[in-house]
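Scroll down for the structure; my scribbles are underneath it.
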Amino acid sequence: MNAYEQLIHQFYTSFKNLDAAGMKACYSEQVHFSDPAFPDLNGAEAGAMWAMLIGVLKKNPADWKLEYTDVQVTDSEGSCRWEAQYTFSLTGRKVHNRILATFRFENGKIVAHHDSFDFYRWARMAFGVTGWLLGWTPFFRKKLQTKTSARLKAYMSKA
């Protein structure tokens with residue numbers, strides 16, 4: 001197993017164990033992260049996002065399940081598939097999300113991390129009827145991104 005494959009395993013093992021510090025240790029200080037909910041995080045914002053999400057998950061750790069598979073790496077890039085099962089804190093609804101993660105590596109760290117998933121599928125699970133009716137719209141996605149950004153800024157201002 002090469003060093004970057006080990007890095008992906010370290011990242012997701014830390015995530016599975018709700019260890020934000022372990023996840024952050026895998027990232028470069030200049031990391032760029034994006035996903036449909038957090039489309040443009042840089043540096044400390046990415047680590048703070050994971051710490052914020054893990055803080056919520058730790059309130060009910062028995063409700064958290066993560067599995068990852070299909071880890072693939074080259075000298076500078078990698079990917080894996082991961083699935084998360086949890087209760088969405090804003091609505092109390094169960095979510096089973098399937099994600100494709102892609103990475104770029106430099107100097108033994110993750111410098112870019114992009115998670116992609118079916119946002120409409122996720123919105124239907126997380127928001128029920130509202131997600132079914134509106135989750136496919138750019139308006140709904142932008143509103144969620146605005147809300148997650150505000151939550152992250154508030155979290156970072158308290159940390």
Side-chain angles (χ1 to χ4, degrees), residues 7-27 31-72 78-104 110-159:
L7 190 63
I8 290 174
H9 284 286
Q10 178 185 340
F11 184 86
Y12 286 103
T13 299
S14 296
F15 195 7
K16 191 174 198 171
N17 294 328
L18 302 175
D19 175 10
M23 294 173 75
K24 286 191 262 185
C26 298
Y27 277 166
V31 69
H32 179 263
F33 175 86
S34 66
D35 77 1
F38 295 93
D40 188 26
L41 300 180
N42 292 293
E45 293 172 326
M49 181 265 308
W50 291 121
M52 178 180 76
L53 296 177
I54 284 175
V56 172
L57 292 170
K58 281 184 173 181
K59 293 176 183 173
N60 191 7
D63 187 46
W64 166 242
K65 182 177 178 186
L66 180 136
E67 299 293 329
Y68 67 97
T69 60
D70 199 23
V71 175
Q72 298 180 19
S79 66
C80 75
R81 298 189 178 280
W82 62 281
E83 295 186 28
Q85 295 179 52
Y86 59 95
T87 299
F88 186 57
S89 63
L90 296 178
T91 62
R93 297 181 56 84
K94 296 281 186 188
V95 171
H96 180 180
N97 203 9
R98 296 179 181 105
I99 299 105
L100 171 63
T102 57
F103 305 93
R104 208 166 26 84
I110 298 167
V111 295
H113 177 180
H114 176 73
D115 282 348
S116 58
F117 56 87
D118 183 336
F119 183 80
Y120 181 48
R121 180 180 178 277
W122 175 85
R124 292 189 316 258
M125 287 184 281
F127 291 94
V129 173
T130 301
W132 184 76
L133 292 172
L134 299 173
W136 61 273
T137 66
F139 167 80
F140 184 87
R141 185 183 292 231
K142 185 64 175 166
K143 184 171 175 118
L144 178 79
Q145 290 170 347
T146 300
K147 190 175 273 194
T148 58
S149 177
R151 288 182 65 207
L152 181 58
K153 284 180 182 163
Y155 176 84
M156 290 179 75
S157 72
K158 293 178 185 174

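Two rings, from Tyr27 and Phe33, have their centers 6.0 Å or more apart. With ring centers used as reference points, Phe15 lies under 6.0 Å from Trp64.
Listed here is the closest heavy atom pair of Gln10 and Gly22: NE2-O, 3.8 Å. Nearest approach of His114 to Ser34, heavy atoms of both residues: ND1-OG, 2.5 Å. For the residue pair Ala20 and Ala51, the shortest heavy atom distance occurs at CB-CA, 3.7 Å. Across Arg151 and Ser89, no two heavy atoms sit closer than the pair NH2-OG, 4.3 Å. Annotation for Gly135 and Tyr120: closest pair C-CD1, 3.6 Å, computed over non-hydrogen atoms. The heavy-atom pair separating His32 from Asp40 by the smallest distance is NE2-OD1, 2.7 Å.
Using a 4.0 Å cut-off between a side-chain N of Lys or Arg and a carboxylate O of Asp or Glu, Glu67 and Arg81 do not qualify as a salt bridge. Ion pairing of Asp118 with Arg98 is absent here, as no side-chain N (NZ or NE/NH1/NH2) approaches a carboxylate O to less than 4.0 Å.
Between Lys59 atom NZ and Ile54 atom CD1 the span is 13.5 Å, to the nearest 0.5 Å. With values rounded to the nearest 0.5 angstrom, Phe88 atom CZ is found 4.0 Å from Phe127 atom CZ. Here the CD1 atom belonging to Ile110 is positioned 6.5 Å from the CD1 atom belonging to Ile8, to the nearest 0.5 angstrom. The CZ atom of Phe103 sits 6.5 Å away from atom CG of Asp115, with the distance rounded to the nearest 0.5 Å. With values rounded to the nearest 0.5 angstrom, Lys147 atom NZ is found 15.0 Å from Leu152 atom CG. Here the CZ atom belonging to Arg141 is positioned 14.0 Å from the CZ atom belonging to Phe139, to the nearest 0.5 angstrom.
Gln72 is linked by a side chain to side chain donor-acceptor pair (under 3.5 Å) to Asp70, counting only residues two or more places apart in sequence or in another chain. Partners of Gln85 according to the side chain to side chain contact (heavy atoms under 4.5 Å, CB included) rule, which considers only residues two or more places apart in sequence or in another chain, are Lys65, His96.
No donor-acceptor distance shorter than 3.5 angstrom exists from the side chain of Ser149 to the backbone of Gln145, with no hydrogens or angles considered.
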Take Tyr86 and Leu53 through the test side chain to side chain contact (heavy atoms under 4.5 Å, CB included) and record every step on the way to the result. CA-CA 11 Å; Tyr86 59 95; Leu53 296 177; over 6 Å; no
Start with the C-alpha distance between Thr69 and Glu83, add both sets of side-chain angles, then the distance that settles side chain to side chain contact (heavy atoms under 4.5 Å, CB included), and finish with yes or no. CA-CA 9 Å; Thr69 60; Glu83 295 186 28; over 6 Å; no
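Between Trp50 and Phe11, the closest side-chain pair of non-hydrogen atoms falls below 4.5 Å. In this structure, Met49 and Tyr155 have side chains that are not in contact, with every pair of non-hydrogen atoms separated by 4.5 Å or more. Between Tyr12 and Cys80, the closest side-chain pair of non-hydrogen atoms falls below 4.5 Å.
Annotation for Arg121: atom CZ counts as buried by contact number, over 12 foreign heavy atoms lying within 6.0 Å.
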